[in-house]
There are 2 protein chains.
Amino acid sequence: MSGAAARRPKVPKASNAVLTPLNSAATLTDRAGMREVAERAGVAMSSVSRVLSGHPDVSSAMRARVMAAVEALGYEPNMLAQMLRSGATHTVGFVVGDISNPLLAQIALGAEVRLRAAGYAMLLTNSVNEANLDATHIRLLQQRRVDGLLLSLSDETSDETLDALTRSMTPSVLVDRDLPLDEPFSAVLSDHASGIHQAVDRLVALGHDRIALVAGSPHVRPTRERINALEDALENHLGVVGQVRSGAFTEAHGKAATRELLAGRRPPTAIIAGGNQILVGVLDELGARKVRVPADISLVTCDDVPLAKFFTPTLAMINRDPYEIGLAAAGLLLDQLSGHPPETVILPTTFVTAASCGRPPR
Amino acid sequence: MSGAAARRPKVPKASNAVLTPLNSAATLTDRAGMREVAERAGVAMSSVSRVLSGHPDVSSAMRARVMAAVEALGYEPNMLAQMLRSGATHTVGFVVGDISNPLLAQIALGAEVRLRAAGYAMLLTNSVNEANLDATHIRLLQQRRVDGLLLSLSDETSDETLDALTRSMTPSVLVDRDLPLDEPFSAVLSDHASGIHQAVDRLVALGHDRIALVAGSPHVRPTRERINALEDALENHLGVVGQVRSGAFTEAHGKAATRELLAGRRPPTAIIAGGNQILVGVLDELGARKVRVPADISLVTCDDVPLAKFFTPTLAMINRDPYEIGLAAAGLLLDQLSGHPPETVILPTTFVTAASCGRPPR
DNA sequence: ATGAAAGCGCTAACAA
DNA sequence: TTGTTAGCGCTTTCAT
């Protein structure tokens with residue numbers, strides 16, 4: 001009985017509009033479904049589905065009939081239904097520390113372009129550099145059933161984050177991050193060491209003997225890599241001292257660290273600023289104290305920023321190509337989604353010297 | 001017969017694993033569904049649904065039973081199913097010209113923060129300032145059934161875009177754009193006129209009599225507003241001439257327009273750059289020709305950019321608060337989604353003078 | 001206050 | 001090659 005009732009009546013929707021009780025959001029009455037297309041073409045829904053999904057076993061006659069009906073009705077498939085049924089959302093989540101950072105904005109751009117070309121859309125969440133938001137956003141994206149994740153985490157060490165990541169093994173690509181996990185993630189890493197080495201070599205050649213690194217959060221890879229690289233580099237240059245101040249990727253930290261360094265017994269002759277925001281703080285403090293660049297101190301910054309090239313003095317920089325990083329990250333994710341094993345790609349950094357690097361004062 | 005078969009057997013999933021033929025993506029066997037929760041709690045699925053959705057008519061006993069089962073199983077609702085069933089995706093699309101523009105990055109940040117606070121996620125698409133991509137992205141987002149759209153279009157005049165927008169009336173908020181449509185969109189607009197007026201007044205007071213505006217694409221509101229405002233402002237200052245060069249929001253246009261202006265019979269004594277990229281071009285050309293700011297020419301730019309404050313000379317700017325614009329746009333969209341009628345909000349711009357504005361050369 | 005049942009629109013196993 | 005059918009996991013009438 002109830003079984004018989006379950007059999008779907010073959011009457012067109014319009015004629016039993018009364019029986020369509022569902023949500024009033026059915027205001028979209030004009031949107032044709034696959035059922036209508038099948039009816040109009042006089043074929044089964046499965047055939048319509050086959051035609052639309054490019055299944056090999058379809059006669060050209062069938063294809064023609066179906067396509068005609070599709071055209072006539074202006075049919076567009078409902079992606080939600082497809083997602084629910086197939087389990088694939090063709091959506092990836094990007095957990096980014098701060099999209100207003102031009103570096104990450106470029107990365108996001110590259111990633112989105114590559115993903116869209118492959119039919120994927122990108123959900124973006126900003127953790128505004130708060131570690132606890134990383135985990136929240138990962139879970140949120142997982143609830144939305146993203147197929148994969150691009151991770152530029154604010155903090156690699158958060159247990160909550162690691163937990164969210166291991167619990168449901170969403171295919172993920174780390175963007176310049178290292179995770180203390182066995183799970184095999186793909187990763188796009190920057191070769192910070194190379195840039196730092198080049199910068200240090202240049203500074204030492206100019207005669208500098210106290211090089212300070214004002215770095216960002218020690219909980220992310222770039223900071224650790226830069227610190228290690230500095231120490232490494234100095235082993236080749238006996239007599240040259242390194243001073244490291246890590247903290248946060250903020251203007252405030254840049255400023256405070258610079259103040260400390262300058263107030264110290266033996267202030268640095270050169271400073272490397274580990275990021276845009278930090279650079280602002282460094283410049284601010286230098287300006288406030290009337291410390292001249294490069295006459296009194298030399299300056300190198302990490303990661304280009306718009307308009308930097310018009311600075312006086314022009315800024316020496318350790319650069320990388322963020323758009324390329326985005327492309328690569330998206331590429332690795334797409335690879336993984338099509339079955340490839342996780343992979344790590346290392347992209348270069350390059351040091352470009354400029355007027356902000358000069359001989360140290362006597 | 002077939003009807004009887006349709007009756008869903010009440011056997012637990014595990015016991016008839018053989019009967020679960022669907023996609024092999026059923027690797028997620030450990031994910032409990034609402035059915036399991038209902039069984040474990042010994043209640044109907046509808047009751048579970050009611051408890052979880054905060055329906056008023058639920059006894060506390062029921063709530064307790066259900067919540068216990070939810071906890072025990074670590075149940076998490078499947079948003080895809082909810083979306084399909086309810087028709088609401090709690091997702092909004094942001095069609096942005098170029099996320100690598102710091103202005104838009106800030107707007108996106110503000111919007112995302114506000115949206116997420118309301119339980120919405122944001123799909124981001126970059127049109128990389130190509131008009132034809134606007135329409136493509138709008139359709140793409142509509143196919144994904146976004147509940148609403150945030151539009152920072154690359155070109156307001158594209159028929160394809162207008163068509164995509166009118167065809168399926170997705171609630172939308174225009175971000176500093178004007179559309180030639182009857183459809184009622186919400187909008188967050190910037191009061192460019194006020195900033196331009198203040199800048200012009202200042203320049204005229206300094207003695208300038210030829211003020212050029214190197215503007216971006218004439219197909220978007222900010223450009224038109226600035227041009228109109230300049231002409232307006234000059235009506236109050238007889239004898240002061242305006243020169244407008246609109247084109248594109250690119251460095252190339254900024255450079256070319258500046259060259260033209262400087263090569264003209266009567267070059268401007270002051271230039272207003274209509275955006276970050278344009279500013280780069282202007283500065284580049286000025287530098288190449290050894291035109292000094294402000295000694296030879298005065299300069300004003302629109303929209304702040306990181307590090308601008310360290311420029312020499314410091315740059316006079318017409319500013320606005322992009323984060324606030326993002327918040328407002330998201331707010332208007334959320335309002336619309338909860339039934340409010342479309343609305344327009346106008347946010348201020350402010351002129352901040354600086355060393356780049358000086359007296360014109362004699 | 002609770003339960004039974006009917007789908008949302010689609011895909012894919014199975015049969016024919 | 002095509003059709004039949006059983007769901008994906010949830011919400012929401014409707015009846016009790």
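Hydrogens, waters and symmetry mates are skipped; everything else that's a heavy atom, side chains included, is used. Each chain gets a letter, A, B and so on, in the order the sequences are listed, and its residues count up from 1.
Going from atom CE of A/M79 over to atom C1' of C/dC8 covers 16 Å, rounded to whole Å. Atom P of nucleotide D/dT11 and atom CE of B/M45 are separated by 8 Å, given to the nearest angstrom. Atom CD in A/E76 sits about 15 Å away from atom C1' in C/dC10, given to the nearest Å. The CE atom of A/M83 sits 15 Å away from the C1' atom of C/dC8 (whole-angstrom rounding).
Side-chain atoms of A/Q142 do not come within 3.5 Å of backbone N or O of A/T170 as any donor-acceptor pair. With hydrogens and angles ignored, the 3.5 Å screen pairs no side-chain donor or acceptor of B/D134 with any backbone N or O of B/V95.
Across all strands shown, A/D57 has heavy atoms under 4.0 Å from base atoms, whether or not it also approaches the sugar-phosphate. Residue B/S49 is classed as a base contact, given a heavy-atom separation below 4.0 Å to a base.
Here the NE2-CD distance, from B/H90 to B/Q82, works out to 8.0 Å after rounding to the nearest 0.5 Å. Taken to the nearest 0.5 Å, the OG atom of B/S152 stands 9.5 Å off from the CG atom of B/L174.
Taking only distance into account, the side chain of B/S46 meets the base of C/dA4 through a donor-acceptor pair shorter than 3.5 Å. Checked by distance alone, B/R145 brings no side-chain donor or acceptor within 3.5 Å of a matching partner on the base of C/dG9. On a pure distance criterion of 3.5 Å, no polar donor-acceptor pair joins the side chain of A/R85 and the base of D/dG9.
Between B/R40 and B/E36 no salt bridge is recorded (no basic side-chain N to carboxylate O distance below 4.0 Å).
Listed pair B/Q82 / D/dT11 meets the phosphate criterion, a side-chain N or O lying under 4.0 Å from OP1 or OP2. Look at B/S47 and you won't find any side-chain N or O under 4.0 angstrom from OP1 or OP2 of C/dA1.
Residue A/R50 places its side chain closer to C/dA13 than to any other of C/dA4, C/dC10, C/dA13. Of all nucleotides listed (D/dT2, D/dC10, C/dT2), D/dC10 comes nearest to the side chain of B/A81.
Summary of the strand contacts: A/L52 and B/H55 both lie near DNA chain C, and taking for each the nucleotide with the nearest heavy atom, the more 5' one is attributed to B/H55.
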